[in-house]
Amino acid sequence: QVELVESGGGSVQTGGSLRLSCVVSKFTYSSHAMAWFRQAPGKEREGVAGIDNDGITRYADSVKGRFTISKDNAKNILYLQMNSLKPEDTAEYYCAADPNPLRIVNGLREIDFAYWGQGTQVSVSS
């Protein structure tokens with residue numbers, strides 16, 4: 001059974017940095033899409049960044065230039081480097097995966113991703 005486990009969340013001040021990690025197990029699809037989503041209290045879950053098996057990436061406008069998604073294929077780990085953090089980045093962050101790489105170009109929609117982690121909390125104080 002596919003398993004995704006996030007880590008790396010925490011509390012930082014405005015302008016700080018965090019790196020989230022997501023260890024992916026038993027996800028053996030050579031073609032795939034992987035992504036980070038976030039959900040703030042009272043808001044819908046939104047796509048933050050995604051990457052496909054060819055390394056094509058997509059970012060939400062709100063994080064472009066500040067966040068970087070990457071993956072270590074040998075270790076099956078997905079990363080999200082978050083720099084210049086703002087209070088509005090405060091949310092629960094989830095990693096997600098799907099066997100269809102087109103999920104990236106489709107706009108990082110929650111409904112498109114089959115596998116999800118349990119989340120890690122990021123809090124940014126002003």
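Side chains included, hydrogens not; waters and symmetry mates left out as well; all remaining heavy atoms used. Residue indices begin at 1 and follow the sequence shown.
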Is it possible for you to say whether [X] and [Y] belong to one hydrophobic cluster, with membership spreading through side-chain heavy-atom contacts below 4.5 Å?
X    : Y    : answer
V122 : L4   : yes
V24  : F113 : no
M82  : L78  : yes
L20  : V12  : yes
L80  : F37  : no

Could you tell me whether a side-chain N or O of [X] sits under 3.5 Å from a main-chain N or O of [Y], the two making a donor and an acceptor?
X    : Y    : value
S25  : V2   : no
R66  : S84  : yes
Y59  : I69  : yes
D72  : N76  : no
T90  : V124 : yes
S123 : S11  : no

Side-chain contact test, heavy atoms from C-beta onward, threshold under 4.5 Å: evaluate it for R45 versus W116 and give yes or no.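 They are in contact (side-chain heavy atoms under 4.5 Å apart), so the answer is yes.
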
Roughly how far apart are [X] [atom1] and [Y] [atom2], rounded to 0.5 Å?
X    : Y    : atom1 : atom2 : answer
Q121 : E92  : CD    : CD    : 5.0 Å
Q118 : E3   : CD    : CD    : 9.0 Å
C95  : E6   : SG    : CD    : 4.0 Å
N106 : I111 : CG    : CD1   : 11.5 Å
L102 : N100 : CG    : CG    : 4.5 Å
L85  : S17  : CG    : OG    : 6.0 Å

[X] versus [Y], closest heavy-atom pair with distance:
X   : Y    : value
S30 : N53  : O-CB, 3.2 Å
Q39 : K43  : NE2-O, 3.1 Å
P87 : S126 : CG-CB, 4.0 Å
P99 : F27  : N-CZ, 4.0 Å
R58 : I104 : CD-O, 3.0 Å

Does atom CD (E88) have a neighbourhood of more than 12 heavy atoms from anything else shown, all under 6.0 Å? yes

Checking side-chain contact (heavy atoms from CB on, under 4.5 Å) for the pair M34/K71: CA distance, chi angles, key distance, verdict? CA-CA 9 Å; M34 303 186 78; K71 58 191 177 83; 4.3 Å; yes

I would like to know whether R109 and D112 meet salt bridge (Lys or Arg N to Asp or Glu O under 4.0 Å); could you show each step before the answer? CA-CA 6 Å; R109 301 183 305 176; D112 286 339; 2.9 Å; yes

If you draw the axis of the six-membered ring of Y94, does the NZ or CZ of R38 fall within 45° of it and under 6.0 Å from the ring centre?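 No - R38 does not lie over the ring of Y94 by the 6.0 Å and 45° rule.
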
Answer with yes or no after comparing the ring centroid distance for F67 and W36 against a 6.0 Å cut-off, counting only values under it.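 Here the rings of W36 and F67 have centres that are no less than 6.0 Å from each other.
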
